[in-house]
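These values consider heavy atoms only, across backbone and side chains, with no hydrogens, waters or symmetry-generated copies. Note that this is a predicted model, so its numbers are computed, not measured. A, B, ... follow the sequence lines: proteins, then strands. Residue 1 opens every chain.
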Amino acid sequence: MVEAIGLYKSFGSVEAVRGVSFSVSRGEIFGLLGPNGAGKTTTIRMITGLLRPDRGRAFIMGIDVHRNPIGARSHIGVVPEVSNPYVDLSVWDNLVLIGKLYCIPKETIIERGKFLLEELGLYDRRSSKAKTLSKGMRRRLLLAMALISDPEILFLDEPTSGLDVFSARKIRSMIMGLRRNGKTIVLTTHNIDEAGMLCDRVAIINKGKIIAEGTPDDLRIRYGKYIEIKVLFDNSIDSSVLNELRDHYNVTCDEKWVTIICEKNELDEVLDKIMNIKHRLGLRIKDLHIESQSFEDIFVRIVRGE
Amino acid sequence: MVACISDYLKKIWALSIKDMRLYYFKGPTIVMGVFMPMFLWLAFMIGSSPSIGSAVAMLLSISSFFAASSITPVILPWETRQKTLEMILARPITIELVLMGTCLASMLYGVFISLVIIAIGIFLGVCPANIPVLIASILLSSICYSFMGLLFSAIPSDVPADAVLLSSVVRMPLIFISGVFVPINRLPILMRPLSYVSPLTYYADIINDLYIGRSAFSLGIDFLVLLLFTIILGIFTIETNRRTIIKRL
Ligand SMILES: Nc1ncnc2c1ncn2[C@@H]1O[C@H](COP(=O)(O)OP(=O)(O)OP(=O)(O)O)[C@@H](O)[C@H]1O
Ligand SMILES: [Mg+2]
């Protein structure tokens, strides 16, 4: 459905995107996950035909986006990262305008517009000017505007950034609902949990390059072999005591809390060593946590290139 | 092919309606498009006492000029500012269609204001010699001036006031060298070549011809030059904006 082949774009001396390739198949939610400035927005802009790549090509349903932008864009709905509806037009008129740009018959616009606004909880506000809407409502309106043409593919650039938990949840559940209806979705986010929750597949992008790709679980297994052990002793301990652990593992000590990061298969050894220290110093263990690394930790490690 | 063109026209019209609804009643549009030419005209009227025919002709010339070029400069900076530009460009349209929609809205503003002035003239008993020719000249010149206005929107700024300011700085002097208030043959000899490169000269000449029977060129030349200006400005302005619009994202 969506294919990016070797996309490359630089702005002056800034190489924003350096050879990004991926493809997304029908009915999939694909996430581009990366820190600020990674090149997510630039990538989306190239795939949706807004920016011309310096090198590489992009296809939407087999249509070359830069040869035939109108043809390609008639299959997609887009919510750009920083965008607004027309604030001086009403909610309804914003929807109708977009519908007309897709040359949709008037009856269809009315029917779909009504359905979408009801679905997104904006129907009561349909005659309000968009400037009277809250940020979350505007985002929902933009989503409705992207959906008015009933597109096969949806591009969402940071759909939930800046929204409170409730609005974000609403948008997320809408996204899940869309996938159930067979839509293909490409979204970007720097919210790792969101990517883990929503996406069937994610590509982690950093400094303009995709550095890892797979299902969230894949990545967890591939990069998530580390675990974190946290121990709370009944007395604060001298940091030098932990030197024998430090030689092998990543250890931090904060008064009574000791945190050790090690590989899963070293768990037994580490626990032994902790017991040793405990016996030697005559301490008691008051609390103990052992956790696999979260998607967030994995993400940070991949981005740092560890 | 036919379906394709009719789709394009529908899209241009939809964009244009949007621009009309959003910008026709904005402060800068009304001030620069309606009040400005009116005050200039009044200022000139107070100092001299022309016949009612030439008074209407003067008002018509500068009003069409100002009105048709008052909307195109502000739309792109304004949309950049409001963050609606990327939202609209992500639809199945091209930059050219957006620009054409804008020009159409601006041009119709010029036509509308001109028609109001013509009607007032007729009400006062001043009739143009040839109404079809008058309408044709208004249509052509409004397209020309809306393209001209669009040129100012290519400035690298998202402050609409900057574009308005720049466009006024250029439009204002054009009024004085284009034979609106002072006939070209009474201009200082050094300024005359300048008046030949002003697109307003040829429209004002048509209007003067039709209202007071005074003209510097024949109607054919006026229309031909106006058409050339329109084509050159059109190509140039769309090309310039196509390059700069991407930088607005
Ligand atoms: N129009 C532009 N002109 C100049 N530089 C740009 C432009 N757009 C993006 N860049 C640069 O390209 C790089 C990638 O930017 P991009 O917006 O694609 O990142 P992003 O992953 O979307 O980041 P964020 O999470 O902050 O939205 C950045 O270094 C940015 O400064
Ligand atoms: Mg971004």
Side-chain angles (χ1 to χ4, degrees), chain A residues 9 11-12 41-42 44-52 60 63 65-66 68-90 93-94 96-106 109 129-131 138 141-142 145-146 148-149 151 154-157, chain B residues 1-29 71 74-76 78-98 100-102 104-105 156 158 160 242-249:
Chain A
K9 180 84 196 174
F11 299 101
T41 300
T42 307
I44 295 281
R45 282 175 172 169
M46 287 192 278
I47 299 176
T48 55
L50 239 53
L51 273 184
R52 184 172 279 274
I60 283 174
I63 304 172
V65 175
H66 295 95
N68 182 2
I70 294 191
R73 284 199 209 121
S74 58
H75 296 288
I76 65 175
V78 185
V79 181
E81 179 178 21
V82 191
S83 60
N84 257 331
Y86 288 103
V87 289
D88 291 319
L89 292 182
S90 71
D93 290 341
N94 267 293
V96 172
L97 167 65
I98 302 300
K100 283 187 178 159
L101 295 181
Y102 286 86
C103 293
I104 307 170
K106 205 163 185 184
I109 298 180
K129 291 226 165 130
K131 67 174 142 208
R138 281 189 202 188
L141 172 56
L142 285 167
M145 287 155 75
I148 190 80
S149 62
L154 202 58
F155 287 88
L156 308 172
D157 198 351
Chain B
M1 187 65 190
V2 175
C4 203
I5 289 176
S6 103
D7 276 0
Y8 282 1
L9 293 179
K10 278 186 208 158
K11 290 174 186 181
I12 292 175
W13 184 242
L15 290 165
S16 190
I17 295 271
K18 178 260 300 173
D19 289 337
M20 293 179 205
R21 294 184 56 184
L22 291 179
Y23 304 104
Y24 271 18
F25 304 104
K26 280 234 146 52
T29 315
I71 295 184
V74 293
I75 294 187
L76 290 183
W78 184 264
E79 296 229 2
T80 309
R81 197 124 212 237
Q82 296 285 316
K83 303 192 169 32
T84 51
L85 192 62
E86 182 168 1
M87 187 278 292
I88 203 80
L89 284 175
R91 313 299 160 187
I93 53 175
T94 58
I95 290 169
E96 289 81 357
L97 295 187
V98 172
M100 282 188 229
T102 302
L104 182 61
D158 63 354
R242 219 158 50 86
R243 277 161 207 261
T244 53
I245 206 169
I246 291 299
K247 302 207 178 101
R248 294 186 174 278
L249 299 181

B/Arg91 side chain vs A/Tyr102 backbone, donor-acceptor pair below 3.5 Å | no
Please classify the contact between [X] and chain A as side chain, backbone, both or neither, with a heavy-atom cut-off of under 4.5 Å.
{"X": "B/Lys26", "result": "side chain"}
{"X": "B/Leu22", "result": "side chain"}
{"X": "B/Leu89", "result": "both"}

Nearest heavy-atom neighbours spanning [X] and [Y]:
{"X": "B/Met87", "Y": "A/Pro85", "value": "CE-CA, 4.2 Å"}
{"X": "A/Leu101", "Y": "B/Lys11", "value": "O-CE, 3.1 Å"}
{"X": "A/Arg73", "Y": "B/Ala90", "value": "CD-O, 3.3 Å"}

Using a cut-off of under 4.5 Å for heavy-atom pairs, which of A/Val87, A/Leu89, A/Ile76 has the most such pairs with chain B?
-> A/Leu89
Applying a strict 4.5 Å limit to non-hydrogen atoms, the region of A/Arg52 in contact with chain B is neither
Residue part contacting chain B, namely of A/Val82, when any heavy atom lies under 4.5 Å =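 For A/Val82, backbone and side chain are both near chain B.
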Pair count under 4.5 Å, heavy atoms only, with chain A: among B/Leu15, B/Ile245, B/Thr84, B/Leu97, highest is B/Thr84
Please report the interatomic distance [atom1]([X]) to [atom2]([Y]), rounded to the nearest 0.5 Å.
{"X": "B/Ile88", "Y": "A/Asn84", "atom1": "CD1", "atom2": "CG", "value": "12.5 Å"}
{"X": "A/Thr48", "Y": "B/Glu86", "atom1": "OG1", "atom2": "CD", "value": "7.0 Å"}
{"X": "B/Lys83", "Y": "A/Arg138", "atom1": "NZ", "atom2": "CZ", "value": "11.0 Å"}

Do B/Gln82 and A/Asp88 have side-chain heavy atoms sitting under 4.5 Å apart?
->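 Answer no - side chains too far apart.
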